[in-house]
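Below, read A as the first sequence line, B as the second, and so on, with proteins coming before strands; counting in each chain starts at 1. Computed from heavy atoms alone, side chains included, the values below leave out hydrogens, waters and symmetry copies.
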Amino acid sequence: DQQVKQNSPSLSVQEGRISILNCDYTNSMFDYFLWYKKYPAEGPTFLISISSIKDKNEDGRFTVFLNKSAKHLSLHIVPSQPGDSAVYFCAASGWDSNYQLIWGAGTKLIIKP
Amino acid sequence: DVKVTQSSRYLVKRTGEKVFLECVQDMDHENMFWYRQDPGLGLRLIYFSYDVKMKEKGDIPEGYSVSREKKERFSLILESASTNQTSMYLCASRPDRAFAEAFFGQGTRLTVV
């Protein structure tokens with residue numbers, strides 16, 4: 001069963017607007033969440049993370065929101081830029097999985113000029 | 001800066017060949033991982049290692065083996081390559097603590113013909 005789900009395979013956003021990428025999880029023991037960005041033919045790079053004691057973490061244009069009751073997190077990119085076009089993966093970990101990272105399937109973000 | 005280096009960016013091998021993918025990290029991380037990435041399937045864990053000479057099967061270990069003789073090096077072996085092993089292979093390392101990110105290599109695009 002998929003413990004981390006990214007239900008949108010792709011998302012298209014106008015340059016300069018806000019991009020919102022969503023991620024849902026089923027395991028209530030997850031307490032650490034991460035977002036990665038991946039360009040074609042390259043390895044994923046870490047973007048931002050959040051622990052379950054917080055509901056928001058911000059780093060420049062990137063903000064991650066965590067809603068523990070809904071088991072939902074989202075990544076907001078404001079403003080969206082052409083270089084943001086990539087595949088975005090969310091990942092989660094918790095004590096009951098020995099803090100292994102459990103990955104979503106990814107969302108391809110396309111920024112339109 | 002943490003560096004994870006994979007030995008090849010692109011490889012083309014013939015069906016039935018034995019294939020070695022090498023990965024080296026320079027940050028003294030305990031944990032190392034091999035994933036494969038296929039469109040729509042996200043990152044699937046093949047094997048991981050939490051210490052020298054230790055290995056654990058991931059979600060899709062069939063057709064693969066691994067070796068970790070030194071802490072900094074983690075090798076993935078395809079015993080007899082098949083066309084369904086054509087994929088992007090990603091190595092990652094991570095320190096052994098709960099709230100930590102994983103660092104990825106640049107990936108190896110393997111084509112089996």
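Heavy-atom contacts from other residues, nucleotides or ligands closer than 6.0 Å to NZ of K5(A) number 12 or fewer.
Note on I20(A): it does not cluster hydrophobically with V4(A), by side-chain heavy-atom contacts below 4.5 Å among ILVMFWY residues. In the hydrophobic cluster analysis, where Ile, Leu, Val, Met, Phe, Trp and Tyr join through side-chain heavy atoms closer than 4.5 angstrom, F89(A) is grouped apart from I46(B). The same ILVMFWY cluster, assembled from side-chain heavy atoms under 4.5 Å apart, contains both Y88(A) and L73(A). Note: the hydrophobic cluster containing V64(A) also contains L11(A) (ILVMFWY, side chain heavy atoms under 4.5 Å, direct or indirect links). Both Y36(A) and V87(A) are members of a single hydrophobic cluster when ILVMFWY side chains are connected at heavy-atom separations under 4.5 Å.
Contact annotation for residues 102-113 of chain A against chain B (heavy-atom separation below 4.5 Å, listed by residue number): W103(A), G104(A), A105(A). Of all residues spanning residues 47-60 of chain B, those with a heavy atom less than 4.5 Å away from chain A's heavy atoms are F48(B), arranged by number. Of all residues spanning residues 67-87 of chain B, none has a heavy atom less than 4.5 Å away from chain A's heavy atoms.
Using a distance-only test at 3.5 Å, with no hydrogens or angles considered, a donor-acceptor pair links the side chain of R9(B) to the main chain of A41(A).
If you measure heavy-atom distances from A100(B) to chain A, the contacts under 4.5 Å come from the backbone alone. No part of Q6(A) comes within reach of chain B, as not one of its non-hydrogen atoms sits under 4.5 angstrom from that chain. In this structure, chain B has no heavy atom under 4.5 Å from any part of Y39(A). Interface remark: P9(A) contributes no atoms to any contact with chain B (heavy atom separation under 4.5 Å). Looking at R94(B), the atoms closer than 4.5 Å to chain A (heavy atoms on both sides) all sit in the side chain, from C-beta outward. With a threshold of 4.5 angstrom between heavy atoms, L101(A) approaches chain B through its backbone and through its side chain. Looking at S93(A), only its side chain comes within 4.5 Å of chain B, counting heavy atoms on both sides.
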Which atom pairs, donor and acceptor, lie under 3.5 Å between side-chain atoms of residues 101-113 of chain B and protein residues at least two apart or in another chain?
{"residue": "Q106(B)", "atom": "OE1", "partner": "Q6(B)", "partner atom": "N", "Å": "3.1"}
{"residue": "Q106(B)", "atom": "NE2", "partner": "Q6(B)", "partner atom": "O", "Å": "3.0"}
{"residue": "T108(B)", "atom": "OG1", "partner": "Q6(B)", "partner atom": "NE2", "Å": "3.2"}
{"residue": "T108(B)", "atom": "OG1", "partner": "S8(B)", "partner atom": "O", "Å": "2.6"}

Subject >> Worked check of side chain to side chain contact (heavy atoms under 4.5 Å, CB included) between M88(B) and K38(A) >> reply: CA-CA 12 Å; M88(B) 168 71 94; K38(A) 185 183 182 301; 4.1 Å; yes
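With contacts defined as side-chain heavy-atom distances shorter than 4.5 Å, the pair F99(B)/D31(A) qualifies.
The two residues G43(A) and L90(B) have their closest heavy-atom pair at CA-CD2, 3.7 Å.
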